[in-house]
Amino acid sequence: RVQLVESGGGSVEAGGSLRLSCTASGYMYRSYYCTAWFRQAPGKEREGVAAIDGDGLTNYAESVKGRFTISRDDAKNTLYLQMNSLKPEDTAIYYCAADQDCYEGPPRLTTNFYTYWGQGTQVTVSS
């Protein structure tokens with residue numbers, strides 16, 4: 001059974017940093033797996049934040065470019081999201097997601113592309 005577990009969320013002041021982790025069990029990240037981070041703020045739809053494929057090709061939402069960095073360690077079955085210069089509008093529940101193939105082009109940031117999801121971790125940024 002595939003399971004994704006996020007960790008690293010918390011509360012920080014604006015301008016601070018957090019590093020999220022997502023560890024997979026039940027299967028191993030392989031070079032063709034597609035992995036991503038999403039977030040959902042209260043009253044808003046879930047939105048894509050960043051995605052990465054097995055070759056290291058990345059895709060970022062405009063709102064986080066230059067501040068967030070996605071990476072993964074396939075040997076450890078772990079996906080990361082380094083978040084710097086955090087803003088109050090980054091406050092949300094952050095979810096990791098995975099699917100078996102990124103296919104062609106930049107890894108996608110659409111929710112309906114991904115099959116496997118974690119339970120989420122809360123990130124709160126105060127002004």
Side-chain angles (χ1 to χ4, degrees):
R1 181 175 177 272
V2 175
Q3 188 172 13
L4 303 177
V5 179
E6 302 96 336
S7 61
S11 297
V12 296
E13 293 185 351
S17 298
L18 283 173
R19 189 193 195 202
L20 305 183
S21 298
C22 171
T23 301
S25 61
Y27 82 109
M28 294 177 64
Y29 287 142
R30 303 185 192 282
S31 61
Y32 47 84
Y33 277 114
C34 209
T35 49
W37 289 98
F38 289 78
R39 67 186 180 187
Q40 189 166 18
K44 295 187 177 181
E45 292 187 356
R46 192 171 298 189
E47 63 175 359
V49 174
I52 186 170
D53 68 10
D55 294 326
L57 181 63
T58 58
N59 189 16
Y60 292 93
E62 285 295 327
S63 59
V64 306
K65 281 183 178 178
R67 300 188 298 123
F68 291 10
T69 302
I70 189 171
S71 61
R72 66 191 240 185
D73 185 336
D74 289 353
K76 296 182 178 179
N77 285 351
T78 302
L79 176 70
Y80 302 100
L81 185 68
Q82 178 66 44
M83 304 186 294
N84 299 328
S85 302
L86 282 161
K87 304 175 181 180
E89 51 263 45
D90 294 319
T91 295
I93 299 174
Y94 282 72
Y95 300 88
C96 65
D99 206 88
Q100 293 183 355
D101 198 328
C102 274
Y103 301 101
E104 296 293 326
R108 302 178 197 190
L109 292 175
T110 51
T111 55
N112 59 6
F113 180 79
Y114 293 89
T115 302
Y116 307 110
W117 292 84
Q119 84 290 347
T121 185
Q122 177 71 46
V123 172
T124 303
V125 184
S126 59
S127 58

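Quick caveat, the model's predicted, so the values are computed rather than measured.
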Where do T23 and N77 land on the side-chain hydrogen bond (donor to acceptor under 3.5 Å, both in side chains) test, with the steps shown first?
CA-CA 6 Å; T23 301; N77 285 351; over 6 Å; no
Could you give me the CA-CA distance, side-chain angles and deciding distance for I70 and V49, then say whether side chain to side chain contact (heavy atoms under 4.5 Å, CB included) is met?
CA-CA 9 Å; I70 189 171; V49 174; over 6 Å; no
What verdict does the side chain to side chain contact (heavy atoms under 4.5 Å, CB included) test give for T111 and W117, after you've listed the backbone C-alpha separation in whole Å, the side-chain angles of each residue and the deciding distance to 0.1 Å?
CA-CA 10 Å; T111 55; W117 292 84; 4.1 Å; yes
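Follow the hydrophobic side-chain contacts under 4.5 Å out from Y33 and you never reach L109; the two are in separate clusters.
Looking only at distances, no side-chain donor or acceptor of D55 sits under 3.5 Å from a matching main-chain atom of L57. Side chain of Y114 to backbone of R108: a donor-acceptor contact under 3.5 angstrom is found. With hydrogens and angles ignored, the 3.5 Å screen pairs no side-chain donor or acceptor of E6 with any backbone N or O of C22.
Using a cut-off of 4.0 Å between Lys/Arg side-chain N and Asp/Glu carboxylate O, D90 and R67 are scored as salt-bridged.
With rounding to the nearest 0.5 Å, the separation of OG in S7 from CG in L20 is 8.0 Å. The structure places CD of E13 at 9.0 Å from OG of S127, a figure rounded to the nearest 0.5 Å. Here Y60 contributes atom OH and W37 contributes atom CH2; the two are 12.5 Å apart, rounded to the nearest 0.5 Å. The distance from the CG atom of L81 to the CZ atom of F38 is 12.0 Å, given to the nearest 0.5 Å. Taking OG1 of T69 as the start and CE of M83 as the end, the distance is 11.0 Å to the nearest 0.5 Å. Between atom CG of residue D73 and atom OG1 of residue T78 there is a gap of 6.5 Å, rounded to the nearest 0.5 Å.
Counting heavy atoms from C-beta outward, L4 and T35 have side chains that stay 4.5 Å or more apart. Two residues are said to be in side-chain contact when any heavy atoms from C-beta on lie closer than 4.5 Å; Q122 and T91 meet this criterion.
Classification of the F113-Y103 ring pair by plane angle, with boundaries at 30° and 60°, yields perpendicular. Ring-plane geometry between Y94 and F68 is classed as tilted, the angle between the planes lying from 30 to 60 degrees on a 0 to 90 degree scale.
Contact detail for C34 and P107: the closest heavy-atom pair is SG-CB, 3.7 Å. Contact detail for P88 and A14: the closest heavy-atom pair is CD-CB, 4.1 Å.
Under the side chain to side chain contact (heavy atoms under 4.5 Å, CB included) rule, Y95 has a single partner from Q40, R39, Q119, which is Q40.
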